[in-house]
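Some notes on the structure that comes next.
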Amino acid sequence: MVEKILKGNGLYWGWLSLLLMIMGAGAVSYLVQFNYGLGATGMSRDVTWGIYISQFTFLVGVAAGGLMLVLPYYLHDYKSFGRITILGEFMAIAAIVMCLMFIIADLGQPMRATNVLLHPSPRSMLFYDMIVLNGYLFLNVLCGAVVLVSEYKGIKYPNWIKPFIYLSIPWAISIHTVTAFLYSGLAGRHFWLTAVLAPRFLASAFAAGPALLLIIALIMERTAGFDVGRTAKNKLVTIIGYAAILNFFLLGCEIFTGYYSNMPGHMHTLDYLFFGLVDHSTGIMHNNLVPFMRAFVVMGFAGIALLFISRKAKSDAMLGTACVLIFVAFWIDKGLGLVLGGFVPSPMEHVVEYVPTVVEIGVALGVWATGFFVLTLLYKLVVVVKRRSEDLLEIN
Amino acid sequence: MDNTRRKFLKLAGLTAAAGVGTTLLGSKAMASGGGGHAAPAHGGHAEVAPTGTRYGIVIDTGKFHDNPGLAQKCQDVCHSYHNVPDFGNPKDEIKWIWTDKFANVFPEHSHYRRDERLLSMDIIAMCNHCDNPPYVKACPTQATFKNADGAVMMDFHRCIGCRFCMAACPYGARSFNWRSPRGVDKEGHPFIKKYNQRFPSRMRGVVEKCSLCSWRTKKGKDPLCVEEACKTASDAMIFGDLNDKNSKIAKLLSSKFTIQRKPALGTHPSIFYII
């Protein structure tokens, strides 16, 4: 069955070659960083995490987003998701692979990564993050593989896999909750020190994850003849739309608490992200992220509106655009603003801004390309198996 | 030379082992403060009941203001002994002890209509050696841990460079080796101006910070910065056991008004300031 990934048209091979080229560039960038040190990135003493950790945080969300396809199908027996549930599981695999790669890319001493296992620290949230992320990867590989192989053989998946599938549902919640706890448990970082961080992470994940999945499914409809089905699309619109609205609601709660309480620490980062912040010791205004964050708000709301309109109009073009808008908007929100904003102002109330270097962007693109490479191969398998099982049904 | 290095490593290893032990045994075994884990009884400002040794420093900011250049001397003696590199740019900067203005060292204190003297002062900032250091629990490898004497230490050989501790420290006390400190700049000048063979230099990709000169305090000596400051102005910095009520530092704390940095966070800093 695995050999089927070696058969494809020119578009398939072209896409894979493009990804391989980007992966190669990423590997070269990583070599530069490995030889010089993390100083090859834009990170500094004051902004100690950059796009690596912010991509990691965002991608944990994409992985957890797969839940929105698994849960209706297995727990509520929602048959229309039958064709795409496996896509959710496989997207989670690719996303976790990217997460782990971003973590390794961010380590100052990657050769010592096993110290986390050699000196387990049950009081550290990173310890739990390691457990839940690797556990989720294992669960999705297991469940995805068993279900797909069963379908290939034309039989229903065996009963023993069911407990693992059910376990993967709360596990998906746990990966993003623990990732939020990395941030929300830190005294002195006001922007992160909020109880709604974990719920907000989940809300944006449940919008961005299925949005990406729907974009890819629409592409596969055109290029690989993979039919998602109107009912499934409509259901996904509901899921993505309400999750996106919930994310904005929770952001609104943050904004209310910050500005109505008038606590300087709670307002500083919001000021920095949406209006710019002046460093009082130098008098210089810093507002690098303002255009991005404003674009996030505009694109987010436009995406939600277009999403519901597309359902009425039954337009796939509009649906795809809406999903792109929501995905990019929430990537800015969590993949840029959340992590980078949290470091401004510094503990000594200086404002230091971060700009990623070419090397850093190269590594990040390389990781994304690797994720999409894995995703493409896995989805290729899905298409092959689905076609075959449908042929089998017709013969019978 | 080798001997001191070995002793240092041994000490670091032993204290690391002690750190692992105390975590497993639970909070009660923490020599210098059950407060490290237990919630303070009366809000963040309340200190916990003293148990064991807890080294700390009182900094008399007025004496540094009256002796311009003194803080720089303290930094020089610390950084040169500990092989702290100078990269000449703020992005890669590594510092164990430095100065900043009142508004930056104490951002949560009002500076409304404060006198010029206070606002223009260069105030020493360094690791607070908190009784409840937030990053000790954040570290995924226990590379940073608390000594039995209250000093918060770093095991440079175990650190994986994830920098979670830097996000967790509310005082910006920790620095990261973004590049190799043992290298040279474009003109060929080494980043460590004069290499001190008695103290190990670090490798790139690990976090470092002030260790309260625990290699000296073990022998009953004051930390280098304290010793240097007192050469010029007596009692500009006073070092001692905060928990021993007969110590000079404890008596000073009960007779003079002092402040700590960001006390509301519940970290219980062991560095106090006379303003």
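Side-chain atoms are counted along with the backbone in the values below, which use heavy atoms only and exclude waters and symmetry mates. Numbers restart at 1 for each chain; the letters A, B, ... are given by sequence-line order, proteins then strands.
Taking 4.0 Å as the cut-off between side-chain N and carboxylate O, Asp106(A) and Arg163(B) count as a salt-bridged pair. A salt bridge is defined here as a Lys NZ or Arg NE, NH1 or NH2 lying under 4.0 Å from an Asp or Glu carboxylate O, and Lys193(B) with Asp76(B) fails to meet this definition. A salt bridge does not link Asp46(A) to Lys91(B): none of the charged nitrogens lies less than 4.0 Å from a carboxylate oxygen.
Proximity to chain A (any heavy atom under 4.5 Å) is restricted, for Phe176(B), to the side chain, taken from C-beta onward. For chain A, the nearby part of Cys139(B) is the backbone; its heavy atoms alone come within less than 4.5 Å. Proximity to chain A (any heavy atom under 4.5 Å) is restricted, for Ala125(B), to the side chain, taken from C-beta onward. Contacts of Met130(A) with chain B are absent, with no heavy-atom separation under 4.5 Å from either backbone or side chain. For a residue to count as touching a neighbouring chain, one of its non-hydrogen atoms must lie under 4.5 Å from one of that chain's; by this rule Lys101(B) does not touch chain A. Looking at Arg261(B), only its side chain comes within 4.5 Å of chain A, counting heavy atoms on both sides. Contacts of Pro120(A) with chain B are made by backbone atoms alone, with heavy-atom separations under 4.5 Å and no side-chain atom involved.
Tested against Tyr273(B), the residues Phe106(B), Phe102(B), Phe64(B) include a single ring pair (Phe, Tyr, Trp, His ring centres under 6.0 Å) partner, Phe106(B).
Most heavy-atom pairs under 4.5 Å with chain A, from the set Ser175(B), Ser180(B), Pro134(B): that is Ser175(B). The candidate from Ser124(A), Gly37(A), Gly39(A) with the greatest count of non-hydrogen atom pairs under 4.5 Å with chain B is Ser124(A). Interface summary for chain A: among Arg204(B), Lys95(B), Met166(B), the most heavy-atom pairs under 4.5 angstrom belong to Arg204(B). For chain B, the option among Trp49(A), Phe343(A), Tyr128(A), Trp192(A) with the highest count of heavy-atom pairs below 4.5 Å is Trp49(A).
Put simply, CD1 on Ile275(B) and CE on Met121(B) are 6.5 Å apart, with the number rounded to the nearest 0.5 Å. Rounded to the nearest 0.5 angstrom, Ile59(B) CD1 and Ile271(B) CD1 are separated by 5.5 Å.
Between Tyr260(A) and Phe256(A), the two ring planes are parallel [angle under 30°; tilted spans 30° to 60°]. Using the six-membered ring where Trp is involved, Phe102(A) and Tyr52(A) have ring planes that are tilted, between 30° and 60° apart.
Donor-acceptor pairing under 3.5 Å is lacking for the side chains of Tyr272(A) and Asn288(A). No hydrogens or angles considered: a donor-acceptor pair under 3.5 Å links the side chains of Trp96(B) and Glu208(B).
Residues of residues 181-190 of chain A lying within less than 4.5 angstrom of chain B, judged on heavy atoms, are Leu182(A), Leu186(A), Ala187(A), Gly188(A), Arg189(A), His190(A) in numerical order.
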